[in-house]
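Read through the structure below, which is laid out as structure tokens, and then see the notes.
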Amino acid sequence: MKIAFVGAGRLAQTLAAAFSQAGWSIAAVASRSAESSRRLAEATGGTCQVFRESQEAVDEADLVFLTVPDDSIEPVASGLRWRSGQSVVHCSGATEVSALAAAGQQGAQMGGFHPLQLFADPAVALAGIPGSSVAIEAPEGLMQTLRDLAASVGYQPITLPPGVRGRYHAATNYSASFLLSLLREACDLWNAFGVDDQAALAALLPLARGTLDAAEARGLAGALAGPISRGDVGVVRRHLADLTAVGSESVEFYRTLARRQLRLAKEKGSLGTDAIGRLADALG
């Protein structure tokens, strides 16, 4: 099976290198950036052809990875000629596979292959593939091919049904970039009494890492700590009182997160119904 990439950014460079090292044939690449195409070709040991036009790369391949920005997926797919028996996948988390409909209308199989990784540095991303996950959406035949690709490089596959990519991708933000929003709020609170971001993060990041390690070892409910897990209504009320002086947005942000923790406290089973009710009352 010959694989081609249309788009040669950091994600494409990482996948091309990984697939090549696993023994798959990377036949072609096309990109608006000649430098990016050169880097991708080098990542495969120079075995793939570099083309200026996307159609030339598509014509060389059985499976095409359309690794272009989300807004470009549909127009790029619509502007290319496809053939029956060929397969095309995109690597977007939020864009539905139906964006590739023009290829499907010409007989190509359509799919999605979204790695749950950061790709700021292809070398770092490549090393991080084993043990990471990839979300796959495809019809049966292509599904098996993509699962084989994933397994060959060490990805853990997650199967997505059609029509759920918006909520799927929103969830990935909670476990990734939204963590930065939580840390920003924490740093803002400490900034108010003279602790700068550098000092705050030095103190808070070990707490965050410890929480993630505990969640991995004991599950979400098992890792729950703090006043909600102990049923400490007095501490929760003091938090809210002090945050009121900061502003209503901080209060509501705290309440929203704390209410979510009540569910974890119930799952953990360490608090009775009365304690959960007193916490709920304190949170308003």
Are any of the side-chain heavy atoms of [X] and [Y] separated by less than 4.5 Å?
X    : Y    : answer
L257 : R260 : no
S87  : M1   : no
L201 : C187 : yes
P162 : E137 : yes
Y254 : L283 : yes
L212 : E216 : no
L205 : L183 : yes
Y168 : I158 : no

For residues [X] and [Y], report the shortest heavy-atom separation together with the two atoms involved.
X    : Y    : answer
G163 : E96  : N-OE1, 3.3 Å
S229 : S270 : O-OG, 3.5 Å
F113 : V89  : CB-CG2, 4.4 Å
A77  : A102 : O-CB, 4.0 Å
A203 : P206 : O-CD, 3.5 Å
A221 : K268 : O-CD, 3.4 Å

I'd like to know whether [atom1] of [X] has more than 12 heavy-atom contacts from other residues, nucleotides or ligands below 6.0 angstrom.
X   : atom1 : result
R52 : CZ    : no
D71 : CG    : no
E35 : CD    : yes
R32 : CZ    : no
R81 : CZ    : no

* Asked: Step by step, would you call L182 with E185 a side-chain contact (heavy atoms from CB on, under 4.5 Å)?
  -> CA-CA 5 Å; L182 293 173; E185 180 74 6; 5.8 Å; no
* To do: Mind running salt bridge (Lys or Arg N to Asp or Glu O under 4.0 Å) on R278 and D274 for me, showing each step along the way?
  => CA-CA 6 Å; R278 285 192 296 272; D274 288 345; 5.0 Å; no
In this structure, would [X] and [Y] fall into the same cluster of hydrophobic residues linked by side-chain contacts under 4.5 Å?
X    : Y    : value
V134 : L116 : no
F253 : V236 : no
F65  : I129 : yes
L207 : V195 : yes
L271 : L262 : yes

* To do: Please work out whether the ring planes of Y174 and F178 are parallel, tilted or perpendicular, with thresholds of 30° and 60°.
  => perpendicular
* Asked: Considering the options S54, C48, S36, which one meets the side-chain contact (heavy atoms from CB on, under 4.5 Å) requirement together with V29?
  -> C48
For the atom pair [atom1] ([X]) and [atom2] ([Y]), what is the distance rounded to the nearest 0.5 Å?
X    : Y    : atom1 : atom2 : result
L11  : Q117 : CG    : CD    : 8.5 Å
D197 : R184 : CG    : CZ    : 4.0 Å
D62  : Q109 : CG    : CD    : 11.5 Å
L142 : R147 : CG    : CZ    : 12.0 Å
L240 : S250 : CG    : OG    : 11.0 Å
H239 : L189 : NE2   : CG    : 10.5 Å

Donor-acceptor pair, side chain of [X] and main chain of [Y], under 3.5 angstrom:
X    : Y    : value
R165 : L160 : no
Q86  : A61  : yes
E60  : E56  : no
Q13  : A8   : yes

* Asked: For L220, what are the other residues in its hydrophobic cluster, where any two members join if their side-chain heavy atoms are less than 4.5 angstrom apart?
  -> L224, L264
* To do: Would you mind listing the cluster partners of L100? Hydrophobic ones only (ILVMFWY), side-chain contacts under 4.5 Å, chaining allowed.
  => V6, V58, V64, L66, V68, I73, V76, L80, W82, V88, V97, M110
Donor-acceptor contacts, no H, no angles, side chain residues 14-27, under 3.5 Å, sequence neighbours left out:
unit_1 : atom_1 : unit_2 : atom_2 : d
T14    : OG1    : R10    : O      : 2.9
S20    : OG     : T44    : O      : 3.4
W24    : NE1    : S152   : OG     : 2.9

* Asked: Are E42 and R39 close enough, and set up right, to give a salt bridge (Lys or Arg N to Asp or Glu O under 4.0 Å), and what steps lead you there?
  -> CA-CA 5 Å; E42 288 180 352; R39 289 177 182 172; over 6 Å; no
* So L279 and V233, side-chain contact (heavy atoms from CB on, under 4.5 Å) or not? Walk me through it. -> CA-CA 6 Å; L279 287 167; V233 176; 4.0 Å; yes
